[in-house]
There are 2 protein chains.
Amino acid sequence: MSTITDLITNHILLLLRHADGEINIQRNELAEKFSCAPSQINYVLETRFSIDKGYLVESKRGGGGYIRIFKIPVDAHSLLMEIIDVQIGRSLSQIEAEKIVQRLLDAGVIKVNQANIMYAAIQRESIPINLPWRDIVRASILRNMVRALLHQSKKEEGE
Amino acid sequence: MSTITDLITNHILLLLRHADGEINIQRNELAEKFSCAPSQINYVLETRFSIDKGYLVESKRGGGGYIRIFKIPVDAHSLLMEIIDVQIGRSLSQIEAEKIVQRLLDAGVIKVNQANIMYAAIQRESIPINLPWRDIVRASILRNMVRALLHQSKKEEGE
DNA sequence: ATAATAAAGGTCAAAGAAGGTCAAAGGTGG
DNA sequence: CCACCTTTGACCTTCTTTGACCTTTATTAT
């Protein structure tokens, strides 16, 4: 049997297919259409359109508020996911971190002006605390920066 | 759906572009044109044309009153130097750090794809150590990233 | 000159319009 | 029966719009 969650999911997938991977919805409107609680929409977005399923969701509150959903292109997506899940562990030396940035640059996922910033952030001098803490913090910083790339990778396409 | 605020914002941006960064408006006239309360114009100016978005607003009341809006031209080099030397101290909260990144973005010194990376690097979650060390490390990371921008802008000059 | 009046723009708080969170209750498959 | 989804609702936060009232400046009438 299909749940409301499934119905809403399918509806969003359909919209996405017809709109080239980027849509704009109103939470209340959608909830109205499916006769459910508005917060159900959030549930669907959290469980079915999460970042590791390859989607990006952004929203604004207040008058003129909206929810935007993007489908992240797969190539960049899988490289970034692999780096986040596998290559960056709990701790990371400067050398290892630099290799990862280089890999992103080589793959064309980032530009030089982005690589420079990332290099700067992971330098020893940027993290003035002792080992082993420094390497742990470095892993954390890099992971977050790579996550940011994941979030970004859809919107860059259109430019 | 776009709000009245967005419409007015776009209208002002258009005027600014056509008038070389300096315009002169009448509050009531503009409110009339968009059929809104005059105070809505103030709201737009406060939220969209604030000083840290790179705009300057001056006005005069009474007969022959006016509102003037200027776009402040920025010199990347001096902005970066000021941020390194003055704005980033020994320690920096996430809020303060975010303001600095926003300022760079608004000034057009960095692009969105760079801002996203910088933003990610300075998040609490990126620096998993306790206060007050976290704020000290954050200051250090941001300073190094801004230095990288400085280096980059010098190189670009020579091209 | 002065005092009234008209013509701007400014402030602030309340109401309205979204979306977000979280925990409790309700189902369902093993 | 238990663990794991779904569904719902009460309450929260953020952003926008409106309106009543205030201040400043210019003009006009005594």
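Proteins get letters first, then strands, A, B, ... in listed order; numbering begins at 1 in each.
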Just to confirm, is there a sub-4.0 Å distance from OP1 or OP2 of D/dC15 to any side-chain nitrogen or oxygen of B/Thr5?
-> no
Mind calculating the distance between CD (A/Gln40) and C1' (C/dC22) to the nearest angstrom?
-> 15 Å
Nearest-Å distance for atom pair CD1/C1', residues B/Ile8 and D/dT17 | 10 Å
Between CZ of B/Arg27 and P of D/dT18 the distance, given in whole Å, is 14 Å
Using a cut-off of 4.0 Å on non-hydrogen atoms, how would the nucleic acid contact of B/Arg68 be classed: base, sugar-phosphate, or nothing?
-> nothing
Spacing between A/Glu58 atom CD and D/dT14 atom P, to the nearest angstrom | 18 Å
Nearest to the side chain of A/Ile4 - D/dT7, D/dT18, C/dG20?
-> D/dT7
Determine, for B/Tyr66 and B/Arg68, whether the Lys NZ or Arg CZ falls below 6.0 Å from the six-membered ring centre while staying within 45 degrees of the axis.
-> yes
Sugar-phosphate atoms are those with a prime plus P, OP1 and OP2; base atoms are the rest. Using that split, label each nucleotide of nucleotides 23-30 of chain D B, S or - for protein heavy atoms under 4.0 Å, 5' to 3'.
-> BBBS----
To the nearest Å, give me how far apart CG (A/Asn28) and P (D/dG9) are.
-> 14 Å
Excluding sequence neighbours, so at least two apart, what forms side-chain hydrogen bond (donor to acceptor under 3.5 Å, both in side chains) with A/Gln87?
-> A/Arg103
Using only side-chain N and O atoms of A/Ser59, determine if any of them is under 4.0 Å from OP1 or OP2 of C/dG20.
-> yes
Rounded to the nearest 0.5 Å, what separation is found between the CZ atom of B/Arg124 and the CD1 atom of B/Ile129?
-> 13.5 Å
Solution key, residues 38-55 of chain A side-chain donor-acceptor pairs under 3.5 Å, sequence neighbours excluded:
unit_1  : atom_1 : unit_2  : atom_2 : d
A/Gln40 : NE2    : A/Thr5  : OG1    : 3.0
A/Asn42 : OD1    : A/Arg27 : NH1    : 2.7
A/Thr47 : OG1    : A/Tyr43 : O      : 2.9
A/Arg48 : NH2    : A/Asp6  : OD1    : 3.4
A/Ser50 : OG     : A/Asp52 : OD1    : 3.3
A/Lys53 : NZ     : A/Thr47 : O      : 3.1

Report yes if at least one side-chain N or O of B/Arg48 is closer than 4.0 Å to OP1 or OP2 of D/dC15; otherwise report no.
-> no
Could you tell me whether the side chain of B/Gln114 and the main chain of A/Asn113 form a donor-acceptor pair under 3.5 Å?
-> yes
Looking only at heavy atoms, what is the nearest atom pair of A/Val101 and A/Met118, with distance?
-> CG2-CB, 4.1 Å
Between CD of A/Glu46 and P of D/dC4 the distance, given in whole Å, is 18 Å
Just call it for B/Ile41: base, sugar-phosphate, or nothing, with non-hydrogen atoms closer than 4.0 Å on any strand.
-> nothing
Rounded to whole angstroms, how far apart are CG on B/Leu30 and P on D/dT17?
-> 13 Å
Rounded to whole angstrom units, what separation is found between the CD atom of B/Gln26 and the C1' atom of C/dA7?
-> 10 Å
What nucleotide among C/dA8, D/dT6, D/dT16 has an atom nearest to a side-chain atom of B/Tyr43?
-> D/dT16
Heavy atoms under 4.0 Å, any strand shown: does A/Ser39 hit a base, just sugar-phosphate, or nothing?
-> base
Would you kindly confirm whether B/Leu149 and B/Ile84 end up in one hydrophobic cluster when ILVMFWY residues are joined by side chain heavy atoms under 4.5 Å apart?
-> yes
